[in-house]
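To start, the structure under review is shown below, and the notes come after it.
The basis for the numbers below is simple: all heavy atoms, side chains too, and nothing from hydrogens, waters or symmetry mates.
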Amino acid sequence: MDHKQKTEQKTESLDFIRTRIAEDVAQNKNNGSVHTRFPPEPNGYLHIGHAKSICLNFGVAKEFNGKCNLRFDDTNPAKEEVEYVQSIQEDVHWLGYDWEDRIFYTSGYFEKLYEFAVELIRKGFAYVDSLSAEEIREYRGTLTEPGRESPYRNRSVAENLDLFERMRAGEFTGGTHVLRAKIDMASPNIVMRDPTLYRIRKATHHRTGDAWCIYPMYDFAHCLSDAIEGITHSLCTLEFENNRPLYDWVLDHVSAPCHPQQIEFARLNLSYTILSKRKLLKLVEDGYVSGWDDPRMPTISGMRRRGFTPQSIRNFCVRIGVAKFNSIVDIELLEHSIREDLNKRAPRVMGVLQPLRVVIENYSADKTEYLNAVNNPEDPDAGTRQVPFSRILYIEKEDFREEPPKKFFRLAPGREVRLRYAYFITCTDVIKDEQGNVVELRCTYDPQTRGGDSPDGRKVKGTLHWVSAAHAVTAEVRLYDRLFLKRNPDEVNGNEIFAVNLNPDSLVTLQNCRVEPGLKNAAPGEIFQFERKGYFCIDTKDSSMEKLVVNRTVSLRDSWAKIEKAGEQKEKSTK
RNA sequence: UACCCGGUGGUGUAAUGGCAACACAGAGGGUUUUGGUCCCUCCGUUGGAGGUUCGAGUCCUCCCCGGGUAGCCA
């Protein structure tokens with residue numbers, strides 16, 4: 001095989017959905033066009049699981065020169081709210097996708113759907129049932145036994161038409177009648193045992209108000225909405241697999257404008273994370289988090305506030321792939337995706353989270369120098385900045401150990417380290433309070449090492465970040481961590497609920513952090529790397545000119561923490 | 001236990017009858033003024049048993065295991 005053949009064969013591999021769509025296009029199905037849709041129900045905020053679906057639907061459309069619609073699947077007035085339809089639009093846009101003028105609502109099709117229902121009745125494929133909900137359940141049979149036909153199943157077309165019209169007119173109270181498809185009560189697929197198509201719901205709809213009191217069920221509305229919009233490929237999650245025969249049945253029994261192909265894929269599961277709208281709502285309602293946009297939430301709005309970038313989420317969605325296997329993706333992959341993106345784009349600054357005072361004894365008290373610091377070693381175009389240095393500094397508490405363990409390269413009594421972009425300093429004395437806590441370090445600096453290099457070529461193993469006490473800005477820093485302690489938060493004993501697995505330390509707030517003076521003018525939402533600590537962003541809700549509030553998006557990888565942990569475990573096992 | 005859908009390293013995805021690939025995680029090493037980044041090495045013969053074939057993760061049969069489905073939710 002020559003080189004050319006090799007590179008030609010090395011085409012990007014397609015997932016099973018794209019493979020299938022590519023085949024359809026190759027066979028000129030739908031005249032070779034591709035049209036998808038993202039159809040959220042506006043009953044909650046979008047989360048990272050929805051991002052997978054958004055990236056898939058909008059991504060597929062773009063790759064095949066097609067279009068993707070945004071459609072609100074709003075057929076249940078009891079659960080849906082305008083707040084959600086607004087947040088959903090904001091989130092999809094923020095992720096970087098555009099539906100142009102193609103924003104639709106299933107509720108916008110209510111009249112057409114009604115007509116399709118009438119068509120079904122006329123053809124003898126639907127009937128009004130007057131059994132109660134409980135009776136319908138009893139008649140349905142079980143997973144292993146066939147169902148029984150409703151005594152109302154053989155009403156005449158005229159009677160069905162009349163009843164359905166009166167249902168619409170509001171003559172009946174909720175629960176007294178439903179419209180059902182006439183399919184097969186003995187079907188091994190329970191979905192096909194005369195599924196309900198319409199139910200009476202005397203509730204105000206967020207868009208249609210009180211214009212309707214009958215609302216179509218998902219199985220009836222969804223396939224027809226797809227057909228009305230000329231969708232070619234209707235991508236949905238695995239739990240609708242059993243519903244596909246019904247999707248096809250409805251389209252085959254009315255004069256639908258086209259027949260989209262439903263394809264199911266596995267929804268996203270993330271370790272240490274809950275992705276169920278019902279449970280996320282519970283976290284919000286019961287006050288476990290501050291709201292849908294709490295930075296610990298896996299919602300798009302929460303992740304945005306936490307400091308995630310749209311690019312990182314899109315990259316993540318590409319990496320996880322699309323398949324039919326129910327799997328759990330490691331949260332580490334998401335963390336890697338955001339670190340990777342932020343590493344390239346986040347300006348570096350120095351911020352001390354837990355300040356320890358350091359006095360440079362041989363440095364003049366009335367002197368301030370401005371030292372040159374690189375803004376981003378990954379991006380030469382990011383330039384440099386000047387950071388002030390003076391006699392009194394803060395360093396990170398954890399960067400000093402009175403009795404340094406093996407492999408600890410940071411500051412200790414008598415030891416010399418480098419202050420980043422500044423000088424080598426040597427610890428000469430340790431000041432403690434009455435309780436024995438270290439409250440201040442006395443150090444000397446070597447004027448020859450300005451900028452961080454020694455003319456005599458001597459090496460130091462540690463480089464510490466620092467800020468000048470007189471120039472620093474005080475900030476509140478919110479350290480966010482995983483919301484749950486267990487890989488699978490649903491794993492509980494007896495009748496406990498998932499909330500028992502909440503991580504009590506998912507938010508640690510530090511009040512007296514000191515950051516470089518340049519951050520005073522940072523705008524809400526701006527992202528930074530605090531060198532050696534992690535990626536942070538200015539909180540968009542609580543930060544102000546008076547009080548800087550900074551969120552930790554994700555820590556840097558910390559190989560010292562690993563070494564230390566391994567050392568501790570080694571000690572444990574030898575004891 | 002009726003029907004439907006799945007099983008490839010610790011995790012997630014590739015390989016479309018022809019040398020099991022990529023990423024994450026983990027371990028080890030190198031570079032380094034971030035214990036970051038970057039670079040290198042190591043870590044699976046595809047749930048099991050048969051069969052077809054020159055050749056099987058891929059096709060066939062049986063078995064085992066996992067998920068979904070009994071809303072007037074989506």
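- Distance A/F240 CZ to B/rC3 P: 24 Å, rounded to the nearest Å.
- Between A/L464 atom CG and B/rG35 atom C1' there is a gap of 11 Å when expressed in whole angstrom units.
- The side-chain heavy atoms of A/R348 and A/V374, taken from C-beta on, include no pair separated by under 4.5 Å.
- Ring centroid separation for the pair A/Y215 and A/F110 comes in under the 6.0 Å cut-off.
- In this structure, the CG atom of A/L246 is 21 Å from the P atom of B/rG68, given to the nearest Å.
- Comparing B/rC43 with B/rG9, their C1' atoms sit 8 Å apart, to the nearest whole Å.
- Here A/Y198 lies out of heavy-atom contact (under 4.0 Å) with every strand.
- Using atom C1' as the reference point in both B/rC22 and B/rC59, the two lie 27 Å apart (nearest Å).
- Nearest to the side chain of A/R137, among B/rG35, B/rG71, B/rC5, sits B/rG71.
- Under 3.5 Å, the side chain of A/R557 and the base of B/rU37 form no donor-acceptor pair of N or O atoms.
- The residue A/N76 sits close only to the backbone: its heavy atoms come under 4.0 Å of sugar-phosphate atoms, none of a base.
- Here the P atom of nucleotide B/rC22 and the CG atom of A/D15 are 20 Å apart, to the nearest Å.
- The backbone N or O of A/I395 sits nowhere less than 3.5 Å from a side-chain atom of A/R514 that would complete a donor-acceptor pair.
- Using a 4.0 Å heavy-atom cutoff across all strands shown, A/D219 reaches no nucleic acid atom at all.
- Nearest to the side-chain atoms of A/K79 among the listed nucleotides B/rU34, B/rU13, B/rC73 stands B/rC73.
- Side-chain to base pairing of A/E241 with B/rU69: no donor and acceptor N or O lie closer than 3.5 Å to each other.
- With B/rU16, B/rG12, B/rU34 as the candidates, the nucleotide lying closest to the side chain of A/V329 is B/rG12.
- The side chain of A/V178 lies closest to B/rC72 when the candidates are B/rC72, B/rC3, B/rU34.
- Residue contacts shown for A/P39 are absent, as no nucleic acid heavy atom lies under 4.0 Å away.
- Note: CD (A/Q529) to P (B/rG35) measures 10 Å, nearest angstrom.
- Between the CD1 atom of A/I328 and the C1' atom of B/rG7 there is a distance of 15 Å, rounded to whole Å.
- Nearest to the side chain of A/K562, among B/rC3, B/rG26, B/rA70, sits B/rG26.
- Nearest nucleotide to the side chain of A/D73, out of B/rG36, B/rA74, B/rG67: B/rA74.
- As judged by a 4.0 angstrom heavy-atom cut-off over every strand, A/T142 is placed among the base-contacting residues.
- In this structure, A/E332 pairs ionically with A/R482, as a charged nitrogen and a carboxylate oxygen lie closer than 4.0 Å.
- Note on A/D129 versus A/R155: no salt bridge recorded, every NZ/NE/NH1/NH2 to OD/OE distance being 4.0 Å or above.
- Judged by distance alone, with hydrogens and angles left aside, A/D558 brings no side-chain donor or acceptor close enough to the base of B/rG35 to form a pair under 3.5 Å.
- Comparing B/rG50 with B/rG44, their C1' atoms are spaced 24 Å from each other, to the whole Å.
- For A/Y247 and A/F240, the ring centers are positioned 6.0 Å apart or more.
- Closest to the side chain of A/R201, from the set B/rC72, B/rC73, B/rC24, is B/rC73.
- Among the nucleotides B/rG35, B/rC3, B/rG6, the one closest to any side-chain atom of A/W560 is B/rG35.
- Within the nucleic acid shown, A/S337 has no heavy atom closer than 4.0 Å to any nucleic acid atom.
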